[in-house]
There are 2 protein chains.
Amino acid sequence: MPRIGRKEQILEKASQLFRSKGYHGTTIRDISEASGILSGSLYAHIDSKEDLLFEITDRGADLFLKSLRPIVDGDEDPVTKLRQAMVAHVRVIADNLEAATVFFHEWKALTRERRACIQVKRDEYEDLWGRLLDEGEQKGSFHLEDEKFARLLILSAMNGLYQWYNPQGAQSPEEVAERFAAILLAGLDSGKGGDSGDGGRTP
Amino acid sequence: MPRIGRKEQILEKASQLFRSKGYHGTTIRDISEASGILSGSLYAHIDSKEDLLFEITDRGADLFLKSLRPIVDGDEDPVTKLRQAMVAHVRVIADNLEAATVFFHEWKALTRERRACIQVKRDEYEDLWGRLLDEGEQKGSFHLEDEKFARLLILSAMNGLYQWYNPQGAQSPEEVAERFAAILLAGLDSGKGGDSGDGGRTP
DNA sequence: CCTACCGATCGGTAGG
DNA sequence: CCTACCGATCGGTAGG
């Protein structure tokens, strides 16, 4: 008889294993062993190995979306929003290192339909960032030479986090996010020239 | 009888497959089929599947090292060196998209000894970047609040390239690299002010 | 480089 | 959740 909370436990073990060995490098027997049951018994909780990968990546996608949407839809000024968005993104990664790593690294191992489902959410997430940057541009809060390039650079820089962030280390997610924000905001905004939004820091 | 150049052809097919399906998701039969021979025949050219992964990642590591070392050891001023290093890094990725992707994504699938060998080269590469940043700091060319953070941000931002760069697209590696350099140099250096560290931006 | 093959392991199932 | 098992496929080999 399945214990309650067992499914969550299995998902956590699977996340850890997918992270360290990859989806295809992890066997059903690895997961069942880590969960303290035999491989056949795993199928009382799941229908297939891919189910596990899908649940992990889909939840990951939802975490990113849920944390960013209220910020983009909010009423703060664009620079504040951008800073908040970076903090939110870093938090999701730092607080869910395993799931985030699997989300970034293994989602392409999904078969067609489920991969498409995750792709939709990834596109949604990038669109939210696009709207955020567009708004700042239109309101004159900052000036980007190339919005898409800026978006990709921001996300790439922050996504690298999952490869080196140590939750036991000295830096809190907020500290890390503030550093990202300080560097990226200054860098992205340096090419501007403006009547608005910069306060004359540019020479 | 093995054709000449056959090994290179196999390595290229393996790179493409490892990139799209992952190392563990690619079978010996996938590789042999793509190479136009039967699976057993592959072993006239290689000793094991892992050999292919090792050769690809090891060559990738050497490409990065070979392109960065002369720059770090050169005589240019630190800002120029930093810019050149970014161009070099972007070039290696843009000119070797498959190998670079496999290098970033799959090297952990190597078994212990070979993974350690790649790890050494990765450390070497990061050290070269560290030396480059240290030199700029010491000579007062730029001022970083946290050198390690700066290094990780630079490399993360640029490494994201392999996920979105399109060789058939409009942007040349040089253009991309110059954009990175412009944004990152401005951002990383924004905290400076004349003689020390922050220049009064701090309240 | 092909033919023919092998032991091991894979994801998954039936019945309890 | 266990026992017992299965067909398919895996990386790799022997002999030519």
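Below, each value reflects all heavy atoms present in this structure, side chains not excepted, and no hydrogens, waters or symmetry copies. Proteins get letters first, then strands, A, B, ... in listed order; numbering begins at 1 in each.
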Subject >> Distance under 6.0 Å and angle within 45° of ring axis: Lys108(B) vs Tyr23(B) >> reply: no
Subject >> Rounded distance (Å) that lies between atom P of dT13(C) and atom CG of Asp51(A) >> reply: 11 Å
Original post:
Among dG12(D), dC1(C), dG12(C), which is the nearest nucleotide to the side chain of Lys49(A)?
Top reply: dG12(C)
Original post:
Which listed nucleotide (dG12(C), dG11(C), dG11(D)) is nearest to the side chain of Ser48(A)?
Top reply: dG12(C)
Original post:
Would you call the rings of His89(B) and Trp129(B) parallel, tilted or perpendicular if under 30° counts as parallel and over 60° as perpendicular?
Top reply: perpendicular
Original post:
How would DNA chain D look in dot-bracket form, 5' to 3', counting Watson-Crick and G-U wobble pairs with both distances under 3.5 Å and writing | for bases paired to another strand?
Top reply: ||||||||||||||||
Subject >> Residue-phosphate contact under 4.0 Å: Tyr43(B) side-chain N/O, dT13(D) OP1/OP2 >> reply: no
Original post:
To the nearest Å, how far apart are Asp30(B) CG and dC10(D) C1'?
Top reply: 11 Å
Original post:
dG12(C) phosphate, OP1 or OP2: any side-chain N/O from Arg29(A) under 4.0 angstrom?
Top reply: no
**OP:** Rounded off to whole Å, could you give me the CG-to-C1' distance for the Leu42(A) and dG11(C) pair?
**Re:** 11 Å
Original post:
In terms of side-chain heavy atoms of Leu38(B), which of dG12(C), dC2(C), dG11(D) is nearest?
Top reply: dC2(C)
Original post:
Does NZ or CZ of Arg122(B) come closer than 6.0 Å to the centre of the six-membered ring of Phe64(B), within 45° of the ring's axis?
Top reply: no
**OP:** Specify the separation, in whole Å, of atom CD1 of Ile28(B) and atom P of dC1(C).
**Re:** 15 Å
**OP:** Could you tell me the separation between the CZ atom of Phe18(A) and the C1' atom of dG11(C), rounded to a whole number of Å?
**Re:** 12 Å
Original post:
What integer distance in Å separates Lys21(B):NZ from dT9(D):P?
Top reply: 12 Å
Subject >> Interatomic distance where CG belongs to Asp47(B) and P belongs to dA14(D) [whole Å] >> reply: 13 Å
**OP:** Measure from the side chain of Ser39(A), starting at C-beta and using heavy atoms only, and say which of dG12(C), dC1(C), dG12(D) lies closest.
**Re:** dG12(C)
**OP:** Could you check which of dC1(D), dG11(D), dG11(C) has an atom nearest any side-chain atom of Ser41(A)?
**Re:** dC1(D)
Original post:
Can Gln9(B) and Arg6(B) be counted as having a side-chain donor-acceptor contact under 3.5 angstrom?
Top reply: yes
Original post:
Counting only heavy atoms not in Lys121(B), do more than 12 fall under 6.0 Å of its NZ?
Top reply: yes
Original post:
Are any of the side-chain nitrogens in Arg59(A) or Glu98(A) under 4.0 Å away from the carboxylate oxygens of its partner?
Top reply: no
**OP:** Quick one: label Thr26(A) by what it contacts on the DNA or RNA (base, sugar-phosphate, nothing), any heavy atom closer than 4.0 Å.
**Re:** sugar-phosphate
**OP:** Take the protein atom CG of Leu53(A) and the nucleotide atom P of dG11(C), then report the distance between them rounded to whole Å.
**Re:** 13 Å
Subject >> Proximity to the side chain of His45(B) - top-ranked nucleotide from dC1(D), dC1(C), dG11(C) >> reply: dC1(C)
Original post:
So, does Asp58(A) use its side chain to make a donor-acceptor pair with the main chain of Phe54(A) at under 3.5 Å?
Top reply: no
